[in-house]
Amino acid sequence: MASVEPAPQPAGGGIAARAMAARQSKAPDYLEGLNPEQRQAVETLNGPVLVLAGAGTGKTRVLTTRIAHILATGSAGPAEILAVTFTNKAAREMKERIARFIGGNVEGMAWLGTFHSICVKILRRHAELVGLKSGFSILDTDDQLRLLKQIIQAEGLDDKRWTPKAFAAMLDGWKNRALTPNEVPEGEARAFANGWGRKLYEEYQDRLSILNACDFGDLLLHVITLFKTNPDILADYQRRFRYMLVDEYQDTNIAQYLWLRLLAQGNPNVCCVGDDDQSIYGWRGAEVDNILRFEHDFRGAVVIRLERNYRSTSHILAAASHLISHNQGRLGKTLFTDFDDPENELVSVASCWDSEEEARSIGDEIEALQANGHALNDIAILVRASFQMRSFEDRFVTLGLNYRVIGGPRFYERMEIRDAMAYFRCVVQPADDLAFERIVNTPKRGLGEATLKLVHELARADRIPLMQAANQLCQTEEIRPKARNALKEVLANFERWRGQVDSLSHTELAEIILDESGYTEMWRLDRSAEAPGRLDNLKELIRSMEDFESMAGFLEHVSLVMDRDSVEGNDAVSIMTLHSAKGLEFDTVFLPGWEEGLFPHQRALDESGRAGLEEERRLAYVGVTRAKKRAKIWFASNRRIHGQWQSSIPSRFLDELPEEHVEIVEQSSNYGGYGGGGYGRSGGGGSRFDNRDPFQNTYSTPGWQRAQKARAAQDAVFERGDFRSSRSKKQGPLTIEGELVAKSVSEAPSEYSMGERVFHIKFGYGAIIAIEGNKLTIDFEKAGQKKVLDSFVERH
DNA sequence: GCGATAAAGGTTTTT
DNA sequence: CCTTTATCGC
């Protein structure tokens with residue numbers, strides 16, 4: 001959370017706060033200005049503590065102050081504190097803030113970092129114990145996919161039908177749950193390629209250890225294995241870490257939880273900070289359950305709720321709180337504030353005809369704000385899905401309105417950067433086959449498939465790295481002279497560069513490598529539009545290497561730090577997804593696209609039922625709570641999805657906002673949109689946003705009426721709670737609900753069995769190929785492979 | 001090895 | 001509908 005934290009807190013806190021402050025006037029400076037709960041969270045050093053920190057309640061402040069407190073009271077030294085975050089950004093911020101407290105030197109805080117960077121640090125010391133060598137490399141997703149593709153093909157499987165991507169997702173799911181190949185449940189193992197799942201997983205791990213590499217999931221898993229198999233080493237770390245802090249605990253997955261549990265055994269000083277209402281990463285393995293179960297898992301835990309919000313106006317908080325109260329699986333917090341903005345605007349809800357009008361209207365509003373002296377930097381547009389960004393970008397370009405997209409493709413994921421990195425990796429780690437493969441023929445050197453195949457075969461047969469195999473092959477006559485010479489040259493180049501590692505600075509060497517390899521030349525000759533930008537990126541890459549001592553140090557950094565500081569230069573509106581907005585705050589937040597199917601997203605509902613809906617609702621909550629002064633929600637009545645124009649229904653979340661804190665905005669533009677009288681029925685039939693005068697607006701189209709009907713039918717289904725019978729009707733409900741709360745997959749075994757033929761109202765007939773609790777993976781005859789909840793299908 | 005055309009797929013993202 | 005990716009033909 002909180003990359004931008006609230007300014008120093010208002011002095012006018014409650015009486016208790018002031019009394020406490022007065023009583024402890026001798027308290028150190030850093031405790032000054034904390035409210036009682038924050039202070040408790042800082043000062044309760046011993047035993048497990050769960051800090052439930054609502055949005056904008058000063059979470060980061062509590063974490064950093066707590067560390068300062070541990071240090072100041074001499075409870076532990078900097079190297080005895082384990083502080084874990086999810087992102088490098090969060091870790092960086094924490095370091096900066098602590099530095100401010102303790103005056104500069106944070107170098108001692110060796111164990112403040114992301115789960116992954118801390119794991120790497122541990123693994124480098126004990127690599128041999130988990131079958132690696134200390135110099136192991138870390139695969140990024142791209143390397144991983146290429147490796148998986150090789151493995152799938154090597155098994156003679158069709159990599160079109162069973163894509164590396166799909167398998168990577170599956171692997172991820174397993175590793176998130178800390179499952180080794182033999183622990184993968186039979187049903188899931190069988191789900192991929194008719195039972196090849198487990199075999200492929202084994203094969204993949206095998207290849208990784210030959211490559212002396214691991215993927216991101218392994219970093220955690222290897223440490224868990226290390227701890228489990230070497231109690232002495234575990235004990236060593238348990239002794240070392242006198243205090244442990246975990247940020248964003250609601251985002252931890254099972255592996256991270258197990259990791260923490262191991263370290264926390266025999267040392268109860270664990271402080272986890274998080275907000276169950278902001279858990280929005282369930283789909284990538286985060287277990288809200290971890291935070292919901294904390295008191296149970298860590299006996300004697302003190303739970304502290306931070307509910308005083310220092311960010312938003314009371315209207316915004318009221319709207320967000322009422323919305324999130326519709327969730328069942330939550331620990332329950334109610335945010336409050338004393339903060340009053342002079343204007344104290346209601347949360348607004350506006351409608352529009354389509355996404356173009358949405359972009360036009362929001363653009364107009366932003367220009368109006370700008371004219372009134374508001375900085376664009378204080379304005380953000382938060383969307384559910386990235387395709388929504390486009391209409392805003394188009395519009396802002398024509399308006400000449402400055403904007404920046406946050407999130408998008410990352411610097412280190414760009415092709416040219418990866419290529420350059422591959423060159424460096426080959427120099428530093430001669431056994432890095434994936435890197436070698438990547439650049440051996442980039443730029444083109446006439447080393448085609450045929451040559452590479454020979455190299456591969458020798459490498460496989462002798463179990464040696466590709467470069468070594470290539471070297472051996474060059475001594476023979478096996479490769480045609482032309483290719484052989486090209487290969488020889490590449491190898492000689494690497495040999496030479498390796499010899500220069502010690503004599504040249506790593507930045508100089510990097511430049512030489514890119515030059516002599518012909519890589520920069522390749523882009524210079526490329527006349528496509530992107531080429532100049534790519535050359536710039538390469539320059540930027542070299543420049544950023546200056547911050548590191550050596551090439552190896554730089555490579556390590558890059559493999560773990562895939563984020564790039566979004567340079568906050570000019571004044572610009574931020575456009576980003578709701579997910580990447582977590583932790584940020586803006587004066588004005590626009591929330592477009594609040595329509596059924598888009599938000600809540602249809603797929604979340606289909607695949608995870610009620611749990612999915614609740615996660616979407618938390619996402620809405622995150623969105624609204626980003627706003628300090630103004631939250632402006634929009635929905636369009638028509639949206640183009642997959643090219644088809646579809647009329648859309650206002651999101652159910654709109655109906656979950658409290659009327660007294662929301663205003664319905666009449667469209668001032670002539671482009672159509674909302675013309676009706678606002679509130680009508682609530683509860684019962686449809687949305688109150690549906691109640692409009694058919695003659696004053698454009699909602700009288702057949703499409704709209706059909707949608708109305710579908711919505712009403714679906715509401716009826718939802719209220720009866722009888723999802724199953726409703727499905728049998730010819731026209732299925734537009735949205736479907738499952739029955740789960742909190743957990744996305746129930747423990748109870750499904751009543752269905754593998755291979756069974758079933759019918760789904762939307763996808764038709766198909767066969768079950770995997771079962772995880774009540775979540776089925778079905779290979780549909782027409783629709784392909786999908787994950788659905790078992791309550792949505794029937795036997796056939 | 002490259003360019004053109006066809007096919008497929010289109011939620012959210014960090015390390 | 002539009003973008004990205006794969007494959008085919010030269």
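Note that the structure is predicted; figures quoted are calculated from it, not measured. Throughout, a chain's letter reflects where its sequence line sits, starting with A, and its residues are numbered from 1. Side chains included, hydrogens not; waters and symmetry mates left out as well; all remaining heavy atoms used.
Under the ring-ring contact (aromatic ring centres under 6.0 Å, His included) criterion, A:Phe227 pairs with A:Tyr237, sequence neighbours left out. Under the ring-ring contact (aromatic ring centres under 6.0 Å, His included) criterion, A:Trp283 pairs with A:Tyr281, A:His579, sequence neighbours left out. For A:Gln646, the side chain to side chain donor-acceptor pair (under 3.5 Å) criterion is met by no residue, not counting sequence neighbours. Scored by the salt bridge (Lys or Arg N to Asp or Glu O under 4.0 Å) test, A:Arg484 finds A:Glu477 as partners (sequence neighbours excluded). For A:Phe115, the ring-ring contact (aromatic ring centres under 6.0 Å, His included) criterion is met by A:Phe86, A:Trp259, not counting sequence neighbours. By the ring-ring contact (aromatic ring centres under 6.0 Å, His included) test, A:Phe387 pairs with no residue at all, sequence neighbours left out.
The closest donor-acceptor contact from the side chain of A:Thr163 to the backbone of A:Lys160 lies at 3.5 Å or more, if one exists at all. In this structure, A:Ser279 contributes its side chain and A:Asp276 its backbone to no donor-acceptor pair below 3.5 Å.
Contact check, A:Arg603 against B:dT11: a side-chain N or O comes under 4.0 Å of OP1 or OP2. A close approach under 4.0 Å does occur between a side-chain nitrogen or oxygen of A:Thr577 and OP1 or OP2 of B:dT13. Using a 4.0 Å cut-off, some side-chain N or O of A:Asn88 falls inside it from OP1 or OP2 of B:dT15. Phosphate proximity of B:dC2 to A:Lys444: present, with a side-chain N or O under 4.0 Å from OP1 or OP2. The phosphate of B:dT15 has neither OP1 nor OP2 within less than 4.0 Å of any side-chain N or O from A:Asn253.
Remark: ring of A:His579 not stacked against base of B:dT12; the cut-offs of centroid gap under 5.5 Å and plane tilt under 30° are not jointly satisfied. Residue side chain A:Trp283 meets the stacking definition with respect to B:dT12: its ring centre sits within less than 5.5 angstrom of the base's six-membered ring centre, and the planes differ by less than 30 degrees.
Of the listed nucleotides (B:dT12, B:dT15, B:dG1), B:dT15 has the atom at the smallest distance from the side chain of A:His116.
Judged as a ring-ring contact (aromatic ring centres under 6.0 Å, His included), the pairs with a partner in residues 595-618 of chain A (not counting sequence neighbours) are, in order, A:Trp594-A:Phe599, A:Phe599-A:Phe653.
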Scan nucleotides 3-6 of chain B against the protein and return all N/O pairs shorter than 3.5 Å with their distances rounded to 0.1 Å.
none

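Comparing the P positions of C:dT3 and B:dT12 gives a spacing of 16 Å, expressed to the nearest Å. Using P as the reference atom, C:dT4 and B:dT11 are 15 Å apart when rounded to the nearest Å.
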>> Using a 4.0 Å heavy-atom cut-off to protein, can you give one letter per nucleotide of nucleotides 1-10 of chain C, 5' to 3': B if the base is in contact, S if only the sugar-phosphate is, - if neither?
In response: BSS--SS---
